[in-house]
Protein chains: 2
Amino acid sequence: MREHDLPEIRALELFRTMSEESFAELMHAAYLQTFPTQVQLISEGDLADFLFILLEGRVELLGSTAGRETTMAIIKPFGTFILAAVLMDAIHLMSARTTEKSRVLMIPARNIRDLLAKDGDFARAIVVELSSCYRAVVRDQKNLKLRSSVERLANRIISLHNAQGATGTVILPYDKKTLASLLNMTPENLSRAFGTLKAYGVQVDNERICLSDLTGLETLAQPNRLIDERV
Amino acid sequence: MREHDLPEIRALELFRTMSEESFAELMHAAYLQTFPTQVQLISEGDLADFLFILLEGRVELLGSTAGRETTMAIIKPFGTFILAAVLMDAIHLMSARTTEKSRVLMIPARNIRDLLAKDGDFARAIVVELSSCYRAVVRDQKNLKLRSSVERLANRIISLHNAQGATGTVILPYDKKTLASLLNMTPENLSRAFGTLKAYGVQVDNERICLSDLTGLETLAQPNRLIDERV
DNA sequence: CGGTCGGTTGAAGCTAATCAATTAGAGTGG
DNA sequence: CCACTCTAATTGATTAGCTTCAACCGACCG
């Protein structure tokens, strides 16, 4: 543990409300690790030994079955992952892999569960974190079930555009292969979907996207705050 | 509140560990209502005023956007719903509608949040409930993204078969239209998928399904405990 | 008895996946 | 520096999966 990171971790929703001693205890047990890119941090089906908190870099959560694989989510700093499995002392439903060099805080599951048992404030903080994770997956599920792939792409572009300050330009925060998997498309299909969106003022140049007809794009996408907004 | 129901409610994971007085307080504030079938209990986008606990009957959770609608889940007794929205004092991401005459316990969101703030044990119980809801949605998401519709149907049949005692016969617990929506299929597509499964020993007679080649069906379905088992 | 609803079937069309080929760029090593 | 390889991304051709529209059947209901 480098002292330097403590304030940032302390500021996370999950740890903000806990007592000074509880926090110190957790941090004492925690490991801070730096991993290169493309390292498998977690494998589906393994027991949850650690709660992970991403401090720097990027981590992909993956689901797989029958030889197929899909990207379930992309974790950015300072996101936590694998919280539910840790709390339930259960096996991982997803794998996790770094997609960049990443700095990760690993807190032994044991310590999380012990603290949960004795610190009510921590339990409440976890309730908030879990609730918002849960709602995020529900939104994602609605997105998947109710929209075509072109619509999913259009809405994702609009979301990114808003998140990046609505300047008319969007920078894709991940490569197109990953974006395709996130949106449940093949890379070929994504490429063609971008082609379809040209007619709606979407110009793609590598990871840079320019939007020249936002209202047209929104008419196609029909963004919905119950799906697309992080509320 | 009928006295008669109290022990069953008390036995729920969510309430089992709380103090006698806290429980009494909650129940005092709660309403027990009986609704006919096809009643809209909750509308997407409304604020979460109550936590719902289904005591009897059946409730469908629905998501919608742009005039489309999909079944997100079916709640059976004694399931809770809308917990995350209540906890976060947020708007509903899903609608809820009875599909049978149903008896529902409604606890004001206010009381839930108050109790969460002062009762650590209740917070812990909620953590468990939320974690398992969360993991259920993740499983469902993997199911959707990684399997074709015939595979989803085959696995659903196998799951139901196991849940009903693996007797070689399965009774569909909901009508086919609903099953189709749950599996993200059209009713026509579901009907054809049943046709496809005939070759795997699946005989359908209304809501009764007979399985004569379970191993064949499982070879097709490739059930996966990280998707299909309620762990 | 006509009407409605759930379910099935057929035909046609659309969406998306697959397979194959090509290009462009990044990284490697002689 | 230039071949060489590797990978991401795109494009075309084809096929598979799924939806849509339409017709139809049978059960249930007023």
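Because only heavy atoms are used, hydrogens play no part in the values below, and waters and symmetry mates are left out as well, while side chains stay in. Quick note on labels: first sequence line is chain A, next is B, and so on, each numbered from 1.
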Please report the distance, rounded to the nearest Å, between [atom1] in [X] and [atom2] in [N].
X: A:M185; N: C:dT18; atom1: CE; atom2: C1'; result: 15 Å
X: A:L153; N: C:dT15; atom1: CG; atom2: C1'; result: 15 Å
X: B:N189; N: C:dC14; atom1: CG; atom2: C1'; result: 14 Å

Side chain to side chain donor-acceptor pair (under 3.5 Å) evaluation trace for A:T37 with A:E100
CA-CA 4 Å; A:T37 188; A:E100 294 176 13; over 6 Å; no
Five pairs at each end of the helix from C:dC1-D:dG30 to C:dG30-D:dC1: take the axis at both ends and give me the angle between them to 10°.
30°
Under a 4.0 Å heavy-atom cutoff, the residues of residues 191-206 of chain A touching DNA chain C are A:R192
Report yes if the side chains of A:T65 and B:Q222 come closer than 4.5 Å at any heavy-atom pair, otherwise no.
no
Close side-chain approach of A:R58 to A:T98, heavy-atom, < 4.5 Å:
no
Report the C-alpha distance between B:D175 and B:T178 in whole Å, list the side-chain angles of each, state the deciding distance to 0.1 Å, and finish with yes or no for side chain to side chain donor-acceptor pair (under 3.5 Å).
CA-CA 6 Å; B:D175 61 19; B:T178 306; 2.5 Å; yes
Start with the C-alpha distance between A:N189 and A:T186, add both sets of side-chain angles, then the distance that settles side chain to side chain donor-acceptor pair (under 3.5 Å), and finish with yes or no.
CA-CA 5 Å; A:N189 191 21; A:T186 58; 4.9 Å; no
Reading DNA chain D from 5' to 3', where do the contacts with chain B start and stop? Cut-off is 4.0 Å to heavy atoms.
D:dC18 to D:dC21
Review item, nucleotides 4-6 of chain C N/O atoms under 3.5 Å of protein N/O:
none

Only counting residues at least two apart or in another chain, list the ones meeting ring pair (Phe, Tyr, Trp, His ring centres under 6.0 Å) with B:F50.
B:Y31
Is it true that [X] and [Y] make a salt bridge, defined as a side-chain N closer than 4.0 Å to a carboxylate O?
X: B:K76; Y: B:E56; answer: no
X: A:R225; Y: B:E44; answer: no
X: B:R147; Y: B:D228; answer: yes
X: A:K142; Y: B:E69; answer: no

Would you jot down, in residue-number order, the residues of residues 144-151 of chain B having a non-hydrogen atom under 4.0 Å from DNA chain D?
B:S148, B:S149
Go through B:T71 and B:E60 one step at a time and tell me if the side chain to side chain donor-acceptor pair (under 3.5 Å) criterion holds.
CA-CA 7 Å; B:T71 303; B:E60 193 179 2; 2.7 Å; yes
Would you check, one step at a time, whether the test side chain to side chain contact (heavy atoms under 4.5 Å, CB included) holds for A:F52 with A:L105?
CA-CA 6 Å; A:F52 288 73; A:L105 183 69; over 6 Å; no
